[in-house]
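Notes for the one structure printed next.
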Amino acid sequence: RRPWEIAALMLPVDSRQSAVLELTKEINQTPLTKPSMLSLSLALSLSATSLRDRDVLSKSDPMAVLYSKEKDGSLKELTRTEVVLNSLNPKWITKYTMAYYFETVQNLVFRVYDIDTQFHNQDVKMLKLEEQDFLGEASCTLAQIVTKSDRSLTMDLVCGEQFSGQAHARKFGKLTIFAEESISSKTTVELKLRCSELESKDLFSKSDPFLVVSKTTESGIVVPICKTEVMKNDHSPTWKPVFLKIQQIGSKENPLIIECYDFNSNGKHSLIGKIQKSLLDLEKLHSAGTGANLFIPTAMGPKQENKVLKSQLFVESYSEKIQYTFLDYLAFGYELNFMVAIDFTASNGNPRLPDSLHYIDPSGRPNAYQRAILDVGEVLQFYDSDKRFPAWGFGARPIDGPVSHCFNLNGSSTYCEVEGIQGIMMAYISALHNVSLAGPTLFGPVITSAAHIASQSLTNSERKYFVLLIITDGVITDLQETKDALVQAADLPLSILIVGVGGADFKEMEILDADKGERLESTTGRVAVRDIVQFVPLRDVQNGDVSVVQSLLAELPSQLLEYMRFRKIQPTL
């Protein structure tokens, strides 16, 4: 559930509606303009070839079982296919629809069984798998499937005591998984709304109205989806279009609550009126060219009464469009290229002492820097085909040299790339022995280096989007220079993730992350065309339920899509 749903559910029933209303008012103080990363719906289809024949007088009767592999290594059964009779090359009809989350690693395990003849009339859900003949197993991540251009992955089925974990497991046929994106993930409704004869809530002027569109969850919690801009001093406003994803709502038949508020700068907005309509209802209003009257609740509780107002809501335009998704660009051949920059300033403490943020624990327990690299790299590595990652350090003095604010982590003077996530880890540990921690903390040079690589890729028309992870313990001293670099980098296929480690004050980092403020502005007055920074203090994530990976990566697909729209790049699938 969303955090506000959980919070509301913890309240007594009578208090929920008022709490949600107060929450809605609080949300109204900030614009709901940043896109959120919604899960995409994928339907998985399975087929196999050259299976083992375990029957004497006929061929095997195979059934596939799909599991998710949890963090603790345990398997959770998701679905079973039907049994295909007498076939070593089955194409199962049963599909499994699951949500795809970019920001998490979704491990899947597939096992194939030969179902004995005596069980053919049983429901597959009732079958005891230990009574069936095991034909083989394959495992992968969902990311490995969706990064294929045709969203199809073929793997060897293996069999052994440890199944696919066995070094010399025998191969017993092949399993193919095909992922098909649900069309509802892409369907977006564009609505242009207006109101007439709104009542005045201000003494000496007309109201300043805006709309909030919300949905109601199965548990009865009202969740805001989007809102319009505020129209100053207007009782018959026409707002700019709003965009609603069908998947976000559930279906076109699900009811929506559209509330009209009078804006107040203190955040205590006054409800002018509301209406409840589904997308189908709104489409009919547009077709008929008629309006629907707003109402205002006059009593709460079981016998809720409404006062119907003269004010009406009209649908000026209604259209449904297919919008390209993150997965469309992956199928188009786009990759995410991972880069990392590590803070080697003296404020991290002496790496030889256990209280240092750079201390390498002999037990193998990763420090904060290593954990951030592993967690982010674990997700992004599946979207980078060559797995050669640029890696830099900053704020240190290499042997017999001046302080450098962007040096190659591998020690080379000519190239910055390392092989794989393990290559980053090895280069990091090596650098700790070959540089002296210094300062100050400057971001500008590493952002400029990353932007240079992204710019070259853009010039060469490569289908690449770059992700720079900066891990730091301190307050930056080149805030304006960093802003200048970020404003320029916003034009490029680049996003920047910043992890704050240690107990420093990270207020300036939050300035760079435009989630909580205005778009960045350069020294020359140029405003960034988009927000490319996502910041999270590691301590905040450690104390919560959301992992650092989810906090950092949740916005990446939306940032990539925003860049594609900015550059007018469409996937020709």
Side-chain angles (χ1 to χ4, degrees), residues 35-46 95-108 139-155 176-188 245 247 321-339 376-389 420-421 453-454 457-458 460-469 492-497 530 532 534 549-550 552-573:
S36 59
M37 176 50 188
L38 296 171
S39 66
L40 297 175
S41 184
L42 294 175
L44 301 185
S45 303
L46 306 178
K95 290 181 170 64
Y96 180 70
T97 300
M98 67 181 299
Y100 160 75
Y101 296 98
F102 166 78
E103 63 266 35
T104 60
V105 178
Q106 295 170 273
N107 291 297
L108 303 175
S139 60
C140 66
T141 65
L142 190 54
Q144 286 175 294
I145 302 171
V146 300
T147 50
K148 298 294 183 183
S149 60
D150 58 356
R151 294 184 194 150
S152 176
L153 179 66
T154 299
M155 300 178 291
T176 297
I177 306 102
F178 173 67
E180 187 176 14
E181 188 176 356
S182 169
I183 195 68
S184 66
S185 299
K186 304 180 186 183
T187 306
T188 299
K245 284 195 173 184
Q247 187 189 25
K321 298 178 181 177
I322 301 297
Q323 288 202 341
Y324 296 116
T325 66
F326 175 67
L327 296 181
D328 288 330
Y329 286 97
L330 293 183
F332 187 46
Y334 266 87
E335 295 186 1
L336 297 179
N337 291 84
F338 182 41
M339 303 185 279
V376 177
E378 181 185 41
V379 172
L380 292 181
Q381 64 178 336
F382 294 110
Y383 302 88
D384 190 325
S385 61
D386 66 6
K387 295 179 173 50
R388 295 180 59 85
F389 307 129
I421 302 302
I453 292 175
S457 174
L458 181 62
N460 295 333
S461 299
E462 296 175 339
R463 293 178 183 176
K464 293 183 178 182
Y465 190 88
F466 296 86
V467 182
L468 170 64
L469 170 65
L492 300 170
L494 175 66
S495 285
I496 297 173
L497 313 176
R530 59 192 186 98
I532 64 169
Q534 184 72 359
V549 167
Q550 290 171 317
L552 275 174
L553 299 179
E555 280 191 29
L556 257 184
S558 295
Q559 289 182 356
L560 179 142
L561 291 174
E562 190 177 11
Y563 170 78
M564 297 302 173
R565 288 192 290 268
F566 165 65
R567 289 283 180 184
K568 295 182 172 57
I569 299 172
Q570 294 188 351
T572 53
L573 301 177

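What you see is a predicted model, and the numbers here were worked out from it, not measured in a lab.
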Nearest 0.5 Å, what's the [atom1]-[atom2] distance between [X] and [Y]?
X    : Y    : atom1 : atom2 : result
Y324 : T188 : OH    : OG1   : 12.5 Å
L497 : I532 : CG    : CD1   : 10.5 Å
L44  : F178 : CG    : CZ    : 10.0 Å
T187 : K245 : OG1   : NZ    : 10.0 Å
T325 : L561 : OG1   : CG    : 7.0 Å
L153 : T176 : CG    : OG1   : 8.0 Å

Take the angle between the ring planes of F332 and Y329 and call it parallel below 30°, perpendicular above 60°, tilted in between.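 Rings of F332 and Y329: perpendicular, over 60°.
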Hey, what's the ring geometry for F102 with Y383, parallel, tilted or perpendicular (30° and 60° as the breaks)?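 Ring orientation of F102 relative to Y383: tilted.
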Beyond-backbone contact of [X] with [Y], side-chain heavy atoms, under 4.5 angstrom:
X    : Y    : result
L380 : F389 : no
V467 : V376 : no
D386 : D384 : yes
Q381 : F338 : no
L494 : Y563 : no
L560 : L336 : yes
D328 : E181 : yes

Is a side-chain N or O of Q534 found less than 3.5 angstrom from the main chain of A554, in a donor-acceptor match?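 No: the side chain of Q534 does not pair with the backbone of A554.
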Could you list the residues that satisfy salt bridge (Lys or Arg N to Asp or Glu O under 4.0 Å) with K568, not counting sequence neighbours?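 With neighbours one apart ignored, the set is empty.
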Suppose we screen for salt bridge (Lys or Arg N to Asp or Glu O under 4.0 Å). Which residues come up paired with R530, at least two apart in sequence or across chains?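 With sequence neighbours excluded, R530 shows a salt bridge (Lys or Arg N to Asp or Glu O under 4.0 Å) to no residue whatsoever.
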Are E180 and K95 close enough for a salt bridge, meaning some N to O gap below 4.0 Å?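 A salt bridge is absent here (no side-chain N lies under 4.0 Å from a carboxylate O).
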Under the rule for side-chain hydrogen bond (donor to acceptor under 3.5 Å, both in side chains), what residues qualify as partners of Q144, not counting sequence neighbours?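 T141.
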Once side-chain hydrogen bond (donor to acceptor under 3.5 Å, both in side chains) is applied, do any residues pair with S45, and if so which ones, sequence neighbours excluded?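 With sequence neighbours excluded, S45 shows a side-chain hydrogen bond (donor to acceptor under 3.5 Å, both in side chains) to no residue whatsoever.
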Option from L108, I177, T104 for which side-chain contact (heavy atoms from CB on, under 4.5 Å) with L142 holds: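 Exactly one pass, corresponding to L108.
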Could you walk me through whether L327 and L42 pass the side-chain contact (heavy atoms from CB on, under 4.5 Å) check? CA-CA 10 Å; L327 296 181; L42 294 175; 3.6 Å; yes
Run the ring pair (Phe, Tyr, Trp, His ring centres under 6.0 Å) test against F382 and tell me which residues pass, sequence neighbours left out.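 Once residues adjacent in sequence are excluded, F382 has no partner under the ring pair (Phe, Tyr, Trp, His ring centres under 6.0 Å) criterion.
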Go through the structure and list residues passing ring pair (Phe, Tyr, Trp, His ring centres under 6.0 Å) with F466, not counting sequence neighbours.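 Here no residue qualifies.
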Might you point out which heavy atoms bring [X] and [Y] nearest each other, and give the distance in Å?
X    : Y    : result
S149 : A331 : O-CB, 3.7 Å
A99  : Q106 : O-NE2, 2.9 Å
P493 : K464 : CB-O, 3.5 Å

Does K387, at its NZ atom, have more than 12 non-hydrogen atoms belonging to other residues, nucleotides or ligands within less than 6.0 Å?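 More than 12 within 6.0 Å, yes.
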